[in-house]
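In what follows, every heavy atom counts, from backbone to side chain, and hydrogens, waters and symmetry copies are set aside. In this chain, residues are counted from 1 in sequence order. The model shown is predicted, which means the values in this text are computed figures rather than measured ones.
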Amino acid sequence: MPLVAVTIALSAFLLFLVQPIIAKQILPWFGGTSAVWTTCMVFFQVVLLGGYAYAHALTSRAQPRLQARVHIGLLAASLLFLPIVARDGFKPGGEEDAALAILWLLAATIGLPYFLLSSTGPLLQRWIAHRFPEKTVYRLFALSNLGSLFGLLAFPFLIEPYAPTVAQAHAWSGAYVVFVVACAATAWQAQRALAADAGHPLAVAVVAAASPATEARPGIGDYALWLALSALGSVLLLSTTSHVTQNIASVPFLWVLPLTLYLFTFVLAFEGRGGRGWYERRWWLFPTLLLVVAMSWGLSASRGVLDIGVAVPLYNLGMFFACMFCHGELAHAKPSPRYLTQFYLTLSAGGALGGLAVGLLAPRLFPAYFELPLALFALAVLASWLTWRASRPSATPVALPGASARLGDRTLLGPALVAAVATAYSGWHYVDFLKEGTIVMQRSFYGTLRVREAGSGEQQVRRLLHGVILHGEQFTRAEDKLEPGTYYARSSGIGLAIAAKQAAGPVRLGFVGLGVGTLSAYGREGDTLRFYELDPHVLEVARRDFTYLGATRAGLQFEIGDARLSLERELKRREPRGYDVLAIDAFSSDSIPVHLITREAVELYAQHIARDGIIAIHISNRFLDLKPVLANIAQATGLAARLVSDTPTDDRSASSTDWVLLAHDARVFDDPRLAGRAEPLEPVPGFSLWTDQFNNLLDVLKVRPLEELKTFVGG
């Protein structure tokens, strides 16, 4: 039994540890967006379903000895996937469907190992279930989720800060070899024990206690309930994470908190009090309904953007209670261990359906993030149905034995119905808010784009928003509507750099990040401007709904796809661009593409600028201080670094900005337009050098998460 428990815990630990390890490897290839993680989650959940299906089929159709041989053979074959390092041949060319490319890459890199890790829990539990009285074998499901929780938390706090990416992959691969040995030994011993126990009186008594004579066979309604509760929990997890990171604040690591709470609800639901869990509907449902209504209200409160100190606790606490409701109801409805693999298979199918709905279907069906209001409404409706069913005088509380009769407390039906009405109204109000002033709203793999208009007359302004991040604006009726504003005003670092180079004649300018095309306002006759843009929809919107691109007199070129991969391909074709100014504007969001700000990335940029050219990097950010990152990279690469901070006082459209300017020769900054404005950026002793293999966003947080939480709790 100890070997079984250790093997299950190790498999769960590796299962969740591999997720951020492989996601971080491929993140740079697909623009470094949060959509990469969501798509990875779809893969993980679908393969988890495959692992559970395999466990069910193997244990129900094959003899014990054959089961062990098949599983050991697959474990041996999975070693061929090691080490789990994504090969360069999977790098996208820029024309692929990003979601499908990610799914194929993951299947080829970690497919079979992840599949076998996924199957371990239900497979081993089924093999030893005959030794557990009643339903206590389900406690191993809680152990599995506890191992997953440790794996998830180990990455950001114990592994990422100290180990480079390739070392992480090799260390995980070594641990997987240990798992293969332990699982093979467990499989062999479990099957021998199963054969030996077949005629043992104690084993016969345990099996008889859980036989169909005393345990009802699950019906279609039971499977439907399991599927609905599991799918709803998955949708709540992913939709809450997407809403917080896209529409409130894309603070790094915010995806870790909801996933941690999600896993913890499984532990609470399936562990404690003899395996019955800590969930009772009469205690949990009412606060859950209150939080669900508050979350629905928060979607449109304060014009859709709550203060981060309120929003993050509200949505994460609400998600925790909502998932505790889903998983607690699942725990109370669990069947006899005889039907254990069917139960786990249904749970996994629900999780996969929820992941597919949020990760693949919603971006193609909805123009904005509508999944969360729909999920909150669905939870209130499901809670109403469960309480109504349990409150009927002639009804049994649930179809399966083992659930508490107290679940049918009639006093909960009224609040559940009120919550359903309240969430429906709040959801409608949220959609109405999103449409207010919006002339364009569309969604893609990379998120939701909205074009909104505000003001009137000379003050009428059109803005492009990606989540809560402003990607540019333009006054549509003012005489100076073609004047560069926001982060690109003439007094900003990029404005001064361009002016300094244009003083000598026509220039070649490269821009990573298109926005609304504001920087094209600097283009003159004879100048060449080349934009690198990740999302083709941004180019579509900039051309159609803004006039900067159409009005410039410079020659325009566009390259769609991840900028770093595009620049690498140009070098391979021996086409260095020789830019006079190369601007990198990808860090105003708070979930930044780290692969664009490493030593290797800056070395790549340096090869694309002229000998007297300037690399201009926009680092204005609410939560991250990127100055020490660039200061140390500049020192390591031999580049001169200057910081230009700009706080306009008389420009109605200009924003306060920080731009870091890098050059091969410090004499570039002697230009009168830059002298006096460009301050030296000194290296920071003791600060790590960011490379492709080693970087840590925790080092550059302006506010520490624990300090923020302490401040919030303390009022």
Side-chain angles (χ1 to χ4, degrees), residues 228-229 231-248 258 281 284-326 329 354 357-358 361-363 365-391 409-439 441-443 448 450 452 454 465 467-468:
L229 288 168
L232 184 56
S234 176
V235 170
L236 284 163
L237 165 67
L238 295 176
S239 60
T240 300
T241 303
S242 295
H243 176 72
V244 171
T245 57
Q246 292 287 342
N247 297 313
I248 295 174
R281 188 188 297 169
W284 284 88
L285 185 55
F286 187 73
T288 299
L289 295 172
L290 288 178
L291 286 166
V292 163
V293 172
M295 293 166 73
S296 298
W297 167 81
L299 291 174
S300 56
S302 302
R303 313 307 296 166
V305 182
L306 290 175
D307 180 82
I308 187 173
V310 175
V312 172
L314 170 63
Y315 283 100
N316 281 284
L317 184 63
M319 190 278 301
F320 169 76
F321 270 80
C323 288
M324 190 64 197
F325 164 76
C326 294
E329 294 289 343
V358 176
L361 294 181
L365 296 178
F366 301 143
Y369 286 96
F370 294 157
E371 304 93 295
L372 183 56
L374 288 173
L376 296 175
F377 174 69
L379 184 142
V381 170
L382 184 58
S384 299
W385 179 78
L386 286 173
T387 52
W388 171 80
R389 187 185 68 166
S391 65
D409 190 346
R410 297 183 184 183
T411 60
L412 294 172
L413 180 57
L417 292 173
V418 171
V421 174
T423 53
Y425 174 79
S426 297
W428 170 83
H429 193 58
Y430 171 66
V431 174
D432 190 57
F433 156 72
L434 288 179
K435 292 181 177 179
E436 182 182 348
T438 300
I439 60 175
M441 182 164 58
Q442 61 188 60
R443 185 173 173 185
T448 296
R450 286 186 294 152
R452 304 187 70 176
L465 299 170
V468 296

Measure across [X] and [Y] and return the closest heavy-atom pair with its distance rounded to 0.1 Å.
X	Y	answer
Val358	Pro363	O-CD, 3.4 Å
Tyr430	Tyr369	OH-O, 3.3 Å
Leu291	Gly318	CB-CA, 3.9 Å
Pro367	Thr448	O-CG2, 3.4 Å
Leu289	Pro415	CD1-C, 3.7 Å
Cys323	Gly233	SG-O, 3.7 Å

**OP:** May I ask you to decide if Ser384's main-chain N or O and Thr387's side chain share a donor-acceptor pair within less than 3.5 Å?
**Re:** yes
Original post:
Judged by atom type as modelled, is there a donor-acceptor pair below 3.5 Å linking the side chain of Arg443 to the main-chain atoms of Ala368?
Top reply: yes
Can you tell me how far [atom2] of [Y] sits from [atom1] of [X], rounded to the nearest 0.5 angstrom?
X	Y	atom1	atom2	answer
Asn316	Met295	CG	CE	8.5 Å
Leu374	Leu379	CG	CG	13.0 Å
His243	Leu236	NE2	CG	13.0 Å
Phe286	Thr288	CZ	OG1	10.5 Å
Thr240	Leu372	OG1	CG	5.0 Å
Ser239	Met319	OG	CE	9.5 Å

**OP:** Flag the pair Leu229 / Leu382 as yes when at least one side-chain heavy-atom distance between them is below 4.5 Å, and no otherwise.
**Re:** yes
Subject >> Any residue meeting side chain to side chain contact (heavy atoms under 4.5 Å, CB included) with Val381, in chain and number order, not counting sequence neighbours >> reply: Phe377, Ala420
Original post:
Is there a side-chain contact (heavy atoms from CB on, under 4.5 Å) between Leu386 and Phe325 once you walk through the steps?
Top reply: CA-CA 11 Å; Leu386 286 173; Phe325 164 76; 3.8 Å; yes
**OP:** Please lay out, stage by stage, how Leu434 and Phe370 fare under the test side-chain contact (heavy atoms from CB on, under 4.5 Å).
**Re:** CA-CA 10 Å; Leu434 288 179; Phe370 294 157; 3.5 Å; yes
Original post:
Does NZ or CZ of Arg452 come closer than 6.0 Å to the centre of the six-membered ring of Phe433, within 45° of the ring's axis?
Top reply: yes
